[in-house]
Amino acid sequence: MKEKSASERIDARIQELGGWRGETLARLRALIKEADPEVVEEWKWDVPVWSHHGIITTGEAYKSTVKLTFAKGASVKDPGKLFNSSLEGNARRAIDFREDSRLDEKAFKALIKAAVAVNKAKAK
C-alpha cells in the first residue's frame, strides 16, 4: 500500500478534526498557500508542516485551540501583533486560534511572507 503524501495526510487531519478546528486549519492552510505559492507541505512529528527554505510553521490542533508555531518566529516582524503564544522563547513564536478568534487575513499573509524572508536570509 502506497504511503499517503503529506498533502493527503493534511487533508485527512482536517477531515478527522471536523468542526471549527478543521475549518480553521483548512482556512489557515489556504492562506499560507496564497501568501507563498511555493510553500512545501510536509508531515513531521505527526502534524502538518509548511516549509520554504526551512520550516515556516507547524499546525497543531488541541481541544480548545488550533496552534501555528513559527520555527523562527522570534526573528519575524509581527506588526499585526498576531503572535499570542510562546512569546518568551528565543526562537519560536505561536498563534493560538480559538473557536471565536477573528483573523486579520492581510496581516497573517504578511506574517507568512516575512517568515519566508527570514528563512531565505538564513539559508544564504
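Positions are given from 1 along the sequence. Side chains included, hydrogens not; waters and symmetry mates left out as well; all remaining heavy atoms used.
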Considering only heavy atoms from C-beta outward, does the side chain of Trp50 approach that of Val40 to under 4.5 Å? no

Taking the side chain as every heavy atom from C-beta outward, state whether Ser75 and Val118 have any atom pair closer than 4.5 Å. yes

With a 4.5 Å heavy-atom cut-off, do Lys33 and Glu41 have their side chains touching? yes

Could you give the distance from CZ (Arg92) to CD1 (Ile55), rounded to the nearest 0.5 Å? 10.5 Å

Does a side chain donor of either Glu99 or Ser64 reach within less than 3.5 Å of an acceptor in the other side chain? no

Say you draw a straight line from NZ of Lys122 to NZ of Lys72; how long is it, rounded to the nearest 0.5 Å? 6.5 Å

Starting from the C-alpha separation in whole Å, work towards a yes-or-no answer on side chain to side chain contact (heavy atoms under 4.5 Å, CB included) for Trp20 and Val66. CA-CA 9 Å; Trp20 73 268; Val66 172; 4.1 Å; yes

Would you give the length of the straight line joining atom CD of Glu16 to atom CD1 of Ile14, rounded to the nearest 0.5 angstrom? 10.5 Å

Compare every heavy atom of Ala114 with every heavy atom of Lys77, then report the nearest pair and how far apart it is. O-CB, 4.2 Å

Heavy-atom count check: over 12 atoms from other residues, nucleotides or ligands less than 6.0 Å from Arg29 CZ? yes

Take Asp104 and Lys81 through the salt bridge (Lys or Arg N to Asp or Glu O under 4.0 Å) test and state the conclusion after the steps. CA-CA 10 Å; Asp104 179 337; Lys81 305 241 184 295; over 6 Å; no

Minimum heavy-atom distance Glu60-Val47, with the two atoms named: CG-CG1, 3.9 Å

Going from OG1 on Thr57 to CG on Leu28, what distance comes out if it is rounded to the nearest 0.5 angstrom? 8.5 Å

Does the Asn84 side chain pair with the main chain of Asp96, one donor and one acceptor, at a distance under 3.5 Å? yes

Are side-chain heavy atoms of Trp45 and Thr58 found at a separation under 4.5 Å? yes

Looking at every non-hydrogen atom in both residues, tell me the closest pair between Pro48 and Ile10 and how far apart they are. CB-CG1, 3.6 Å

Go through the side-chain N and O atoms of Glu88 and Ser86 and say whether any donor and acceptor fall under 3.5 Å apart. no

Do Phe108 and Leu68 touch side chain to side chain, with heavy atoms closer than 4.5 Å? yes

When rounded to the nearest 0.5 angstrom, what is the spacing between CZ in Arg98 and NZ in Lys67? 8.5 Å

Would you indicate whether Gln15, at its atom CD, is surrounded by more than 12 heavy atoms from other residues, nucleotides or ligands within a distance under 6.0 Å? no

Tightest non-hydrogen contact, residues Ala74 and Asn90, listed as CB-O, 3.4 Å

Within a strict 4.5 Å, meaning less than it, do heavy atoms of the Leu31 and Ile112 side chains meet? no

Quick one: are Ile95 and Leu111 in side-chain contact, heavy atoms under 4.5 Å? yes

With side chain to side chain contact (heavy atoms under 4.5 Å, CB included) as the test, would you mind laying out the steps for Glu105 and Glu34 before giving the verdict? CA-CA 10 Å; Glu105 293 185 1; Glu34 285 174 28; 5.8 Å; no

Between atom CG of Leu25 and atom CZ of Arg13, what is the distance when rounded to the nearest 0.5 Å? 8.5 Å

Kindly indicate whether the side chain of Val49, heavy atoms from C-beta on, has any atom under 4.5 Å from the side chain of Trp43. no

